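Inspection log for the structure reproduced underneath, given as structure tokens.
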Amino acid sequence: MIGQVVIIAIGLLFSSILNASPSIEQQMEMLQEAEDYLTVKPSQSLRILALSSDVEKLPLGLQIRWHVLRVRASVPTNQLMLLEQSLKALFAFSAHPYFEDKLPSILSALGIWLRRKGHLQEADISLQCALQYAQNESQRLTLINSRALVARHMGKYPDAISLYQEAALLAQQQHNASMMATINNNLGAIALDLANYDEADVYFRAALAGYQRIDKRSGHITAGTNLLFLFLLKGEMLNYQRLYSPIKALTDGFPNQSKKALLTWINTAHLVKQGGHISGQARQNLQVAYTQLESHQVKLLVVTHLVPIVQVTLPALPTRKSTPFLAPWFKKVQDCRW
């Protein structure tokens with residue numbers, strides 16, 4: 001009888017150990033691991049963060065850090081719902097010293113989220129406020145690049161080019177290969193918007209080479225997809241065929257549905273130009289993929305250049321306009337006083 005009691009007690013002890021919540025030290029190690037993956041594989045950062053249970057029970061500083069990390073991982077993977085959830089949670093802590101220390105990063109992510117949701121004026125307000133609190137030249141570089149991207153989406157191309165030139169100078173001074181590749185890609189996108197294809201070719205090739213050197217997967221996919229789009233428009237089928245397979249393999253393994261959707265549209269147009277036939281199911285797939293494209297600007301490029309090739313019926317593209325963002329906590333961003 002005593003032996004049975006001892007066995008039961010030991011069993012209960014082991015059960016309680018297995019079900020115990022991770023210690024603060026273990027949670028900190030988990031957060032550090034998530035941070036270590038941010039640059040090389042942000043999707044893995046999100047998976048690690050998802051393992052945290054009862055985030056609300058963490059000390060306040062660790063809660064803020066958890067949300068900051070999820071924000072930073074959600075941007076390159078285009079997880080807009082996760083990004084929105086964590087931004088909303090973070091602004092509930094806006095008076096906390098750790099929040100204030102991470103303010104430039106938080107406002108930067110907010111600016112990106114607002115741009116992707118079509119709130120262009122508010123996106124620029126957020127980025128300008130972030131610039132006021134930038135803690136180093138590296139942050140200034142990132143924020144100026146983001147402001148240039150917003151200007152492009154507003155159709156303010158001279159402003160966008162001027163901001164990119166300012167950012168390129170900073171990137172060269174800092175020997176920042178990643179940002180230089182990003183700036184080249186974004187200048188290529190402007191050239192593509194303006195149908196300056198030869199100029200776009202130079203920028204996209206420089207961007208792709210830069211991303212390959214530093215092994216930045218998300219950028220590699222973006223610049224490679226942009227080059228495929230350009231090769232399609234220029235009729236450079238041999239260049240297209242050489243590049244497609246490696247970019248397709250990278251895109252399939254990357255958790256960003258908008259990148260997959262754009263590549264689907266580009267390659268379907270390529271197949272049609274090669275004499276291929278689109279099935280009814282493929283047309284439906286294109287219609288779904290269209291809804292998954294990242295921005296109004298990308299949809300405009302698809303409607304302008306690819307829809308005439310594939311002859312798929314789509315809803316009319318709304319006139320580009322900046323919709324107001326009315327969340328009550330955004331007033332603090334507009335005031336920009338911390």
Side-chain angles (χ1 to χ4, degrees), residues 38 42 45-46 49 55-56 58 60-136 138-156 159-160 163 167 186 256 258 291 293-299 318-338:
L38 277 175
S45 299
L46 289 177
L49 292 170
V55 174
E56 297 79 8
L58 292 172
L60 201 50
L62 290 185
Q63 285 188 49
I64 296 172
R65 187 182 179 198
W66 187 92
H67 282 292
V68 167
L69 290 172
R70 191 164 75 154
V71 158
R72 292 178 61 192
S74 296
V75 168
T77 53
N78 201 42
Q79 298 293 324
L80 297 186
M81 185 177 296
L82 298 182
L83 184 52
E84 180 180 8
Q85 290 170 353
S86 279
L87 285 169
K88 186 175 180 180
L90 282 167
F91 275 93
F93 308 131
S94 61
H96 193 280
Y98 191 80
F99 177 96
E100 294 181 8
D101 182 60
K102 298 299 180 182
L103 182 61
S105 294
I106 294 168
L107 291 175
S108 175
L110 174 61
I112 292 169
W113 179 79
L114 288 166
R115 171 178 58 78
R116 291 182 182 174
K117 297 296 287 186
H119 309 296
L120 301 181
Q121 297 290 348
E122 289 83 356
D124 199 45
I125 287 169
S126 181
L127 295 168
Q128 288 189 63
C129 181
L131 276 165
Q132 290 187 37
Y133 291 92
Q135 296 161 339
N136 51 59
S138 178
Q139 285 184 347
R140 278 182 49 77
L141 170 57
T142 300
L143 293 165
I144 291 169
N145 179 75
S146 289
R147 282 201 68 207
L149 195 52
V150 172
R152 176 202 168 202
H153 281 259
M154 288 179 170
K156 298 179 178 179
D159 290 348
L163 285 164
N186 291 340
N256 186 318
S258 64
T291 67
L293 295 174
E294 182 176 284
S295 67
H296 182 284
Q297 196 69 28
V298 175
K299 288 181 178 179
T319 303
R320 176 168 49 193
K321 60 182 179 180
S322 180
T323 56
F325 182 64
L326 304 174
W329 51 261
F330 190 71
K331 180 67 167 61
K332 188 151 189 178
V333 180
Q334 292 173 311
D335 293 341
C336 197
R337 289 196 296 267
W338 264 274

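Predicted model, so just to flag it, every value in this text is computed and none were measured. Basis for what follows: all heavy atoms, side chains included, without hydrogens, waters or symmetry-related copies.
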Within the 4.5 Å heavy-atom criterion, are [X] and [Y] side-chain neighbours or not?
X      : Y      : result
Leu58  : Val55  : yes
Leu114 : Ser126 : yes
Asn186 : Arg152 : no
Arg70  : Gln79  : no
Asp124 : Gln128 : yes
Val75  : Arg116 : yes
His296 : His153 : no
Lys102 : Leu90  : no

Inset, instruction - Locate the shortest heavy-atom distance separating Ser108 from Leu143; write the atom from each residue and the value. - result: CB-CD2, 3.6 Å
Inset, instruction - Answer with yes or no after comparing the ring centroid distance for Phe325 and Phe330 against a 6.0 Å cut-off, counting only values under it. - result: yes
Legend entry - Plane angle bin for Phe91 and Phe99 - parallel if under 30°, tilted between 30 and 60°, otherwise perpendicular: perpendicular
Legend entry - Parallel, tilted or perpendicular: ring planes of His67 versus Phe93, cut at 30 and 60 degrees: tilted
Legend entry - NZ (Lys332) with more than 12 external heavy atoms under 6.0 Å: yes
Inset, instruction - For Asn256 and Ser258, indicate whether the former's side chain and the latter's backbone hold a donor-acceptor pair under 3.5 Å. - result: yes
Inset, instruction - Evaluate the criterion side-chain contact (heavy atoms from CB on, under 4.5 Å) for residue pair Ser86 and Trp66; output intermediate values, then yes/no. - result: CA-CA 9 Å; Ser86 279; Trp66 187 92; 4.3 Å; yes
